[in-house]
Participant: 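Let me give you the structure first, and then I'll get to my questions.
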Amino acid sequence: MHITADTMTESRSAIIRQISASPLKINLMELGFLPGKTITLNHAAPMGGPMAFQMDETLLALRKSEAALIEVQLL
């Protein structure tokens, strides 16, 4: 099932499938959000606030709108 990272539930892991075309695509890829990488939603702030994703040994926070650009497949 393919969804976007902004709809993941906490403690759920997924494999990145692709990053949607956007001016932020290169920035997300430079941060390490690359196809084939596994991410886990560590925490999502209430009221549509930032989301913290664990990737390897790094914890990265993204705005919900940025996470919506990342298409994932749940594990």
Side-chain angles (χ1 to χ4, degrees):
M1 180 164 105
H2 294 273
I3 62 168
T4 54
D6 65 313
T7 61
M8 290 174 60
T9 55
E10 286 190 31
S11 302
R12 198 72 198 263
S13 295
I15 297 174
I16 298 173
R17 287 292 161 213
Q18 69 178 3
I19 310 294
S20 298
S22 162
L24 295 175
K25 180 176 182 170
I26 298 299
N27 298 84
L28 290 169
M29 294 179 83
E30 286 175 342
L31 286 171
F33 291 95
L34 301 168
K37 293 279 254 181
T38 300
I39 60 173
T40 303
L41 180 59
N42 195 329
H43 181 74
M47 308 289 288
M51 304 176 82
F53 293 94
Q54 184 79 36
M55 186 171 39
D56 298 326
E57 299 297 318
T58 307
L59 186 64
L60 294 161
L62 296 178
R63 292 178 184 94
K64 195 168 181 74
S65 60
E66 296 165 341
L69 299 172
I70 303 171
E71 185 180 313
V72 297
Q73 180 178 357
L74 295 176
L75 295 177

Participant: Over all heavy atoms of both residues, which pair between Met29 and Leu34 is shortest? Give the atoms and the distance, please.
Facilitator: O-CD2, 3.7 Å
Participant: Mind checking the CG-CD spacing from Leu60 to Gln54? Nearest 0.5 Å is all I need.
Facilitator: 8.5 Å
Participant: Could you list the residues that satisfy side chain to side chain donor-acceptor pair (under 3.5 Å) with Lys37, not counting sequence neighbours?
Facilitator: Asp56
Participant: Of all heavy-atom pairs between Leu74 and Met8, which one has the smallest distance, and what is that distance?
Facilitator: CD2-CG, 4.2 Å
Participant: Please give me the minimum heavy-atom distance between Thr38 and Ser13, naming the atom from each residue.
Facilitator: CG2-CB, 4.4 Å
Participant: Using the rule that Ile, Leu, Val, Met, Phe, Trp and Tyr join whenever any side-chain heavy atoms are under 4.5 Å apart, tell me whether Leu69 and Ile15 fall into a single cluster.
Facilitator: no
Participant: Specify the closest pair of heavy atoms between Ile39 and Ala5, including all atoms of both residues, with the distance to one decimal.
Facilitator: CD1-CB, 4.3 Å
Participant: Kindly state each residue pair satisfying salt bridge (Lys or Arg N to Asp or Glu O under 4.0 Å) with at least one member in residues 9-22, sequence neighbours excluded.
Facilitator: none
Participant: So, taking the atom named CG in Leu41 and the one named CE in Met51, what distance separates them when rounded to the nearest 0.5 Å?
Facilitator: 4.5 Å
Participant: I need the minimum non-hydrogen distance between Leu31 and Met55, along with the two atoms involved.
Facilitator: O-CE, 3.9 Å
Participant: Does Phe33 belong to the same Ile/Leu/Val/Met/Phe/Trp/Tyr cluster as Leu59, with side-chain heavy atoms less than 4.5 Å apart forming each link?
Facilitator: no
